[in-house]
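Below, chain A is the first sequence line, B the second, and so on; all start at residue 1.
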Amino acid sequence: MSDTQKFLLSQFFWIIFQVFIISLVIFVLLRSAVPGDALQARFNKSSEKTLDQIRHELGWDRNILTQYGDYMWGFVRGDFGYSLEYDQKSVWDLLKPALWKSVQLSFAAFIIGFPLGIIMGLLAARWSGTWKDPALIGVLMVFSSIHPILFVQFLILIFAVTLAWLPISGWGGLFSLNTSIPLTVLVLPGLASGVRFTRANALHVINEGYIRTAYAKGLSEKRVLLRHVLPNAAHPILYPLLVDLPIIFITGFLFVEIEYGIQATGRLMLESLRSLDYNVILAGSIMIAIIALIMRRVADIAIGILDPRARIGKSWRF
Amino acid sequence: MALLEVKGLDTCFKTREEFVKVVKNVSFSVEEGEIVGLVGESGSGKTITALSVMRLLPPGAYIDRGEILYKGKDLFRASKQEMRRIRGSQIGMIFQEPDLNPIMNIESQLKEILPGATRGELVCLLARVGIPDAEKRLGGYPYEMSGGMKQRVMIAMMALAVSPGLLIADEPTTALDVTVQAQILSLITGIVREKNMGMLFITHNLALVAEYADRILIMRRGEIVEEREVEEFFKNPKNPYSRNLLEAVPRLDRFRDLASRIKEDAPGVLEADNLSLHFLVSRGLGPLKKITGKVRAVDGVSFRVREGETLGIVGESGCGKTTLARLILRLVPNGDIVRDGAVNIAYGNEIKDLRKNAQIVFQEAQDALNPRRSAGDLVVEGPLIQKLINVYECESKAKELFNLVGIDPESIRRFPSQFSSGQRQRIAIARALASEPKILIMDEPVASLDVSVQKEVIDLLLDLKSKLSLTCIMISHDIALVKDIANRIAVMYLGKIVEMGPAREIVENPLHPYTKALISAVPIPDPKRAREKKRIVLKGEIPSPLEVPSGCRFRTRCPFATELCADKEPEFIEYEPDHFAACHYANEILEFAQDK
């Protein structure tokens, strides 16, 4: 077995182990630490006896670890239970479209935002000392200073209402005009910090000895920037970005989802939490955890490809 | 027409407040097939001169005036495009640090300068500069190579790949060990002579110029103060500054009179008995942890230092000398280590006694002094904690210590960054001496200083040693320097002492082939003798302490190694009075030396 295969296999078992721990914690916390009783809230007119009966039917009166084992046994077979809120709809029917929208949107945001940030960061570094560098950063800072709540409203007001170029709300697939506003809100405010980070990295890299070596070899400015500065400046920003991507699922989109009327993961989770829809929260949290754990490995591998030094040592293990 | 002719070059630095001229009206030339040594101390402007020729000045620096003629073409007035075509293909440059792009493999970095080359040609190129396993190395990355190997790749790239007319080498061996230094410099100058290239050789080490250059330029504060043929210069340097510089070079053929001879019966104050420290390399976590290897940093070292004596410990980087010092002072990091043996200090072995009585001066004073606390504060911290002085005595104690090491006592409130590097090392020495220790360990105390400053600090140390009757251990990679301060020298190789004896005896009559090689690698600031000298050039580089060779650990690089050396580890035996060595053939070496 090659080293890469060994790595992938060991990581696979690590993920399973971690999912087990995370799901146990989420399960126990939801059942014991979240205030309020989901059933009581839902059936508050029923007698205590009826409630007990429902509990018994759901199996909630058993030992918590038994319940957990039962739940996970269903989970690994793809049975996530039923929603309490949406009239016996299966959890998967709710989660699947929401997760799929979130994955599409966040990857689209990454694919647009990452190169944009890197290129502008490199340009800013290249322009350092002239007026263009602070001007670029300054303009980007404006966007990051507007809170997303307002930013969505501004964009809707300008582009959807006044100019009527874009739809006012809703989801119409990844390649529809509907995604313009959500993606703008997701990419633009984060760009300022990304550009500044890349700029700082690039300035640091430009002063490294190997860049001087590259110039001394007689390489053109363009080649030095693209082949020597860019890869060295880009990889420190790629890792946190990839690792944070799953978090964007929930928090990053929340305002857009609510204000622009898209039923994706963030909104679904928020609403489920409000109505104490246990099964949706549980399955959703575990799904997000799994995606986060996988993305972490993807980030490890991506960094390993970009920077050979990262292939040795501990960064490959976790 | 000269290959390179620089006329009236002025290079300035622009800071917020002012313009600083760092190269002032410099003129010199390099002919085809000539090696010109440009010598100066740090800050003299020699690197900036070279970077001006390449037009690769750092941001803020610019050429103000002058002409830089390469084959008659003025580089100062050349366009960016023209300059790009000249760099690499006409003028190659090798830097002090062999800076290769860390995330590109060697093949792609070589291909950038030789775009059309086949893999086979590149393998030949690497083999030509003495890289073993060239085929495998080609696909490898810089982090997998030692400094010497990386410098070889740089040489392949800058001097050999396209044979430029002029090669600029800026301190190409300063970051390397002496034994590797000799290999690298013979490689570079060999290529330059063979291809009849011109070479501008920048260094702070006059001895290297004596050995390798034809003409010498001495630079001081941005100006060239002396320009001569090498032979003439070393016979009789004219400028007083050059004369001082030459005087300061540590030499193996001149001995200082170490004032206090140590009595044979002086009591031993520091004894190390079979000391060893192994770092364990492991994989996995918790119960799954597996030990996969051992780094034998220090591997069974025994010695005794007598009262008032200085023991010098010499060896290449990675031989375990610094770890040994830390082991003695119990400054070893926690973690996966195996410690063995014992240190016995006559003044008490409790940690409290140890910290009071034994102190250390580190290599980099800059890193050893907290930049956010004033120098005076740092110096008296030790005795204050040990309750040797009270708060009210701090100021007078700090002033006293500053006086002792020759720094203006009024400057106790200044911060470490406000002192020069030599002064900082003096402060570090004052810090170590503050609690009035009886034992002082110095770990490369002058390695990062200029030669002239080096000499001052060594003088200070000698002075303090006799004044305070200290017992010292001096650790250094430079045997020429150690012999000026040490009574006895121990030579370390891969965690073990291979030879130990009186300093003069070690230098003049070494018994171990490794010691012989170390001594022959020291450059001599005398062109005639340097070129006549037969040199023992060691094969390769120091092996990894993860895989120590069987039998005698030096055998993989030893010119005299036989099968016996691989089978049996030589014992550490006394061959001459007080002169020990661990070599199967020490007797033969001894007889051979006596015959001569």
Side-chain angles (χ1 to χ4, degrees), chain A residues 3 6-7 10 13-14 17-18 125-130 133 201-236 238-239 302-318, chain B residues 47 50-51 53-60 80-106 108-115 139-144 150 153-154 157-158 161-162 164 167-168 170 175 281-285 288:
Chain A
D3 276 356
K6 256 189 213 160
F7 170 74
S10 71
F13 285 114
W14 258 112
F17 174 70
Q18 283 170 311
R126 183 80 191 72
W127 289 337
S128 84
T130 69
D133 167 29
N201 277 337
L203 281 180
H204 177 72
V205 170
I206 282 171
N207 288 322
E208 290 281 341
Y210 54 83
I211 297 304
R212 195 173 54 180
T213 305
Y215 278 116
K217 280 163 143 182
L219 304 182
S220 68
E221 184 107 34
K222 197 172 122 204
R223 190 175 171 96
V224 173
L225 277 181
L226 292 181
R227 288 295 307 270
H228 292 266
V229 180
L230 178 74
N232 277 295
H235 78 253
L238 182 63
Y239 191 82
I303 290 300
I305 291 168
L306 266 178
D307 185 351
R309 288 168 299 181
R311 284 175 212 164
I312 47 164
K314 290 243 151 59
S315 55
W316 275 89
R317 325 235 112 239
F318 287 94
Chain B
T47 296
L51 291 176
V53 173
M54 285 294 266
R55 292 258 312 269
L56 280 177
L57 289 167
K80 270 190 175 177
Q81 297 302 319
E82 288 171 313
M83 217 38 234
R84 189 160 74 68
R85 277 194 290 275
I86 283 169
R87 281 187 213 126
S89 56
Q90 299 286 320
I91 307 179
M93 185 158 182
I94 297 168
F95 303 94
Q96 175 168 350
E97 297 290 334
D99 287 310
L100 296 165
N101 190 332
I103 65 174
M104 257 169 116
N105 67 18
I106 303 299
S108 5
Q109 300 201 43
L110 284 172
K111 269 208 169 138
E112 280 191 321
I113 202 155
L114 275 178
Y141 289 87
Y143 75 90
E144 300 163 327
K150 280 190 270 187
V153 174
M154 282 292 275
M157 203 152 74
M158 292 298 190
V162 285
L167 181 68
I168 302 177
D170 184 5
V281 184
S282 61
R283 287 183 77 161
L285 272 178
L288 296 171

Options A:Arg227, A:Arg212, A:Glu208, ranked by heavy-atom pairs under 4.5 Å with chain B, top entry: A:Arg212
Relative to chain A, which of [options] shows the most heavy atom pairs under 4.5 Å?
options: B:Leu100, B:Ile91, B:Val162, B:Ile168; answer: B:Leu100
options: B:Ser108, B:Pro58, B:Gly88; answer: B:Gly88
options: B:Asn101, B:Ile86, B:Ile94; answer: B:Asn101

At a 4.5 Å cut-off on heavy atoms, which part of [X] comes close to chain A: side chain, backbone, both, or neither?
X: B:Arg84; value: both
X: B:Gln90; value: neither
X: B:Glu97; value: neither
X: B:Leu51; value: side chain
X: B:Pro59; value: side chain
X: B:Met154; value: side chain

Taking the side chain from B:Arg87 and the backbone from B:Arg55, do they hold a donor-acceptor pair closer than 3.5 Å? yes
Do the side chains of [Y] and [X] get nearer than 4.5 Å, heavy atoms only?
X: B:Tyr141; Y: B:Asn105; result: yes
X: A:Arg126; Y: A:Val229; result: no
X: A:Lys217; Y: A:Arg223; result: no

side-chain contact (heavy atoms from CB on, under 4.5 Å), that's the test. Do B:Met93 and B:Val53 meet it? Break it down for me. CA-CA 10 Å; B:Met93 185 158 182; B:Val53 173; over 6 Å; no
At their closest point, which heavy atom of A:Ile211 faces which heavy atom of A:His228, and how far apart are they? CD1-CB, 3.6 Å
Answer with yes or no whether the side chains of B:Thr47 and B:Asp170 bring together a donor and an acceptor at under 3.5 Å. yes
